[in-house]
Amino acid sequence: MLQLGYACINVQLAEKGITTNRGMIKRTFQAKGIGYASELALQNVQALFRILQWNVRQGIRVFRITSELFPWASEYELEQLPDFTAIRRTLEEAGKLPIRLSTHPGPFNKLAGSGPTLDNTIRDLEIHSRLFDLMGLEPSHWNKINIHVGGAYGDKNETIRRFAENFRKLSPNLQKRLTVENDDKPGLYTVADLLPLHALTGIPIVFDYFHHRLHPGPLSEEEAFQKAYGSWDMRPVFHYSSSRREHEEPTAAREAHADYIYEPINTYGKEVDIVLEAKMKEQALARYQKEFGKIA
DNA sequence: GCATGTCAAGTTGTG
DNA sequence: CACAACTTGACATGC
């Protein structure tokens, strides 16, 4: 009924140095260049493989891959990495594991943007799609590349139209993978706001329960859930997190995620995969299952 | 080792 | 009006 996963980091493996987001600041990249980026990327990819194996052994079937596997990826072609062959081999093996993978490119991706912002966005999104290609994953929403619209530019409807227009500039594989998520900010996009975008493009809507609570718009949680569910051409992936302010730290920002999940997730009788966005990662998942059971 | 200041990118609203 | 928040705090420096 409900398959749970988590995002990017495994805290117990991270303690042992198994992390996928080794990176560097700009001046280090300028000093050390692509050779060092390659070393870090290879280590990241190898760690990814180990984390995925760990997940599979634990029965975890859903996982989000970090967007920082390749340091400064926008500055070179992946083939140029000295360790590209080893990286590709590792990714191919990782791609064969029985786990549903997705990515969530960062807030700098503004597909409704213009000029260099749009160029940078397309480049970054294509790199994510390329990663999935290298892993041998068939292009579909099974492996989503999920972003926010992320900016209203003073006119939500016009911005949706521009997003749809720019969507057509993406490679076919990327188009088949892209999804959009409801925002948590009052000026941005609720599930209801995203429906027209889905109508224009077929892009599925990722329902984020926590964002919906912060910024529901006209729909109830169940209505928003069902609308988002109906926008998918397969079993959806949704996101869930609990409020840090409500449960852990009264002074935390309202959007801040809690370390753990504090309430059972209602999936309204549907089959869905859910990525838990909780700071304690796999520990939060384990605690959720202990507390609320595997089935919602 | 560990504390601390700094770090690519865009946009928004909180504090 | 600075800055935190977002996907994920981590890197580099200096004590």
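All values below were derived from every heavy atom in this structure, side-chain atoms included, with hydrogens, water molecules and symmetry-related copies excluded. Order of the sequence lines sets the chain letters (A, B, ...), proteins ahead of strands, with each chain counted from 1.
dG13(B) and dT8(C) are spaced 22 Å apart, taking the C1' atom of each and rounding to whole Å. Nucleotides dT6(B) and dA4(C) are separated by 16 Å at their C1' atoms, to the nearest Å. dC3(C) and dG5(B) have their C1' atoms separated by 16 Å, given to the nearest Å. Rounded to whole Å, the separation between the P atoms of dA8(B) and dA12(C) comes to 10 Å. Comparing the same atom, P, in dT7(C) and in dA2(C) gives a spacing of 25 Å after rounding to whole Å.
Among the nucleotides dA10(C), dT8(C), dT12(B), the one closest to any side-chain atom of C8(A) is dT8(C). The H257(A) side chain lies nearest to dT7(C) when the options are dT12(B), dT7(C), dA8(B). The side chain of I25(A) approaches dC11(C) more closely than any other nucleotide in the set dT12(B), dC11(C), dT8(C). The side chain of A253(A) lies closest to dA5(C) when the candidates are dT12(B), dT7(C), dA5(C). The side chain of L188(A) approaches dT12(B) more closely than any other nucleotide in the set dT8(C), dG10(B), dT12(B). When distances run from any side-chain atom of A7(A) to the nucleotides dC6(C), dT8(C), dT11(B), the shortest one goes to dT8(C). Listed nucleotides: dG10(B), dA8(B), dG9(C). Nearest to the side chain of T117(A): dG10(B). Comparing dT11(B), dA8(B), dT8(C) by their nearest atom to the side chain of K110(A) picks out dT11(B).
Put simply, F108(A) rests on the base of dA9(B): the two rings are less than 5.5 Å apart at their centres and nearly parallel, under 30°.
An OP1 or OP2 oxygen of dG15(B) is reached within less than 4.0 angstrom by a side-chain nitrogen or oxygen of R245(A). Remark: H148(A) is in phosphate contact with dT7(C), judged by side-chain N or O atoms under 4.0 Å from OP1 or OP2. K279(A) has a side-chain polar atom (N or O) that falls below the 4.0 Å cut-off from OP1 or OP2 of dG9(C). The side chain of R27(A) contributes an N or O atom lying less than 4.0 Å from OP1 or OP2 of dT13(C). Contact annotation: H211(A) reaches the phosphate of dT7(C) (side-chain N/O to OP1 or OP2, under 4.0 Å). For the pair R64(A) and dT8(C), the criterion of a side-chain N or O lying under 4.0 Å from OP1 or OP2 is met.
Distance, N10(A) CG to dG9(C) C1': 16 Å, rounded to whole Å. Put simply, NE2 on H104(A) is 13 Å from C1' on dA5(C), counting in whole angstrom units. Look at CD1 on I127(A): it is 13 Å from C1' on dA8(B), rounded to the nearest Å. Taking atom CG on N109(A) and atom P on dT12(B), their separation rounds to 15 Å, with Å as the unit. The interatomic distance linking N21(A) (CG) with dC7(B) (P) rounds to 19 Å, in whole Å. Across the protein-nucleic acid pair, I147(A) atom CD1 and dA9(B) atom C1' stand 14 Å apart, rounded to whole Å. The distance between atom CG of D124(A) and atom P of dG10(B), rounded to the nearest whole Å, is 12 Å. Separating the CZ atom of R254(A) from the P atom of dT12(B) is a distance of 15 Å, rounded to the nearest angstrom.
H104(A) pairs in a side chain to side chain donor-acceptor pair (under 3.5 Å) with only one of the listed residues (K144(A), R64(A), E181(A), H239(A)), which is E181(A).
A donor-acceptor contact under 3.5 Å links the side chain of S74(A) to the base of dA8(B).
Cation-pi contact between R162(A) and Y153(A): present, with separation from the ring centre below 6.0 Å and deviation from the ring axis of at most 45°.
Residue F29(A) is classed as having no contact, given no heavy-atom separation below 4.0 Å to the nucleic acid. Counting any heavy atom pair closer than 4.0 Å across all strands shown, E255(A) reaches sugar-phosphate atoms only and no base atom. Among the protein residues, P105(A) comes within range of no part of the nucleic acid, since none of its heavy atoms lies under 4.0 Å from any strand. Note on G151(A): only backbone sugar-phosphate atoms sit closer than 4.0 angstrom, heavy atoms only; bases stay farther off. Across all strands, K26(A) comes closer than 4.0 Å only to sugar-phosphate atoms, never to a base (heavy-atom distances). Here N120(A) lies out of heavy-atom contact (under 4.0 Å) with every strand.
Salt bridge annotation for R161(A)-E158(A): present, with a cationic side-chain nitrogen under 4.0 angstrom from a carboxylate oxygen. With salt bridges taken as basic N to acidic carboxylate O contacts below 4.0 Å, one links R244(A) and D259(A). Using a 4.0 Å cut-off between a side-chain N of Lys or Arg and a carboxylate O of Asp or Glu, E39(A) and K32(A) do not qualify as a salt bridge.
Side-chain contact, S38(A) with D83(A): a donor N or O sits under 3.5 Å from an acceptor N or O.
Classification of the F225(A)-Y209(A) ring pair by plane angle, with boundaries at 30° and 60°, yields tilted. Ring-plane geometry between F207(A) and F238(A) is classed as perpendicular, the angle between the planes exceeding 60 degrees on a 0 to 90 degree scale with a lower cut at 30.
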- Task: Please test Y240(A) against F210(A) for ring pair (Phe, Tyr, Trp, His ring centres under 6.0 Å), starting from the C-alpha separation and ending with a verdict.
- Result: CA-CA 6 Å; Y240(A) 197 95; F210(A) 184 46; 8.4 Å; no
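In DNA chain C, consecutive stretches of 3 or more Watson-Crick or G-U wobble pairs with both distances under 3.5 Å are given as paired ranges: B:1-7 with C:9-15, B:10-15 with C:1-6.
Within a 6.0 Å radius of NZ in K227(A), no more than 12 heavy atoms belonging to other residues, nucleotides or ligands are found.
If L276(A) and T28(A) are placed on DNA chain C by their nearest nucleotide, the residue sitting closer to the 5' end is L276(A).
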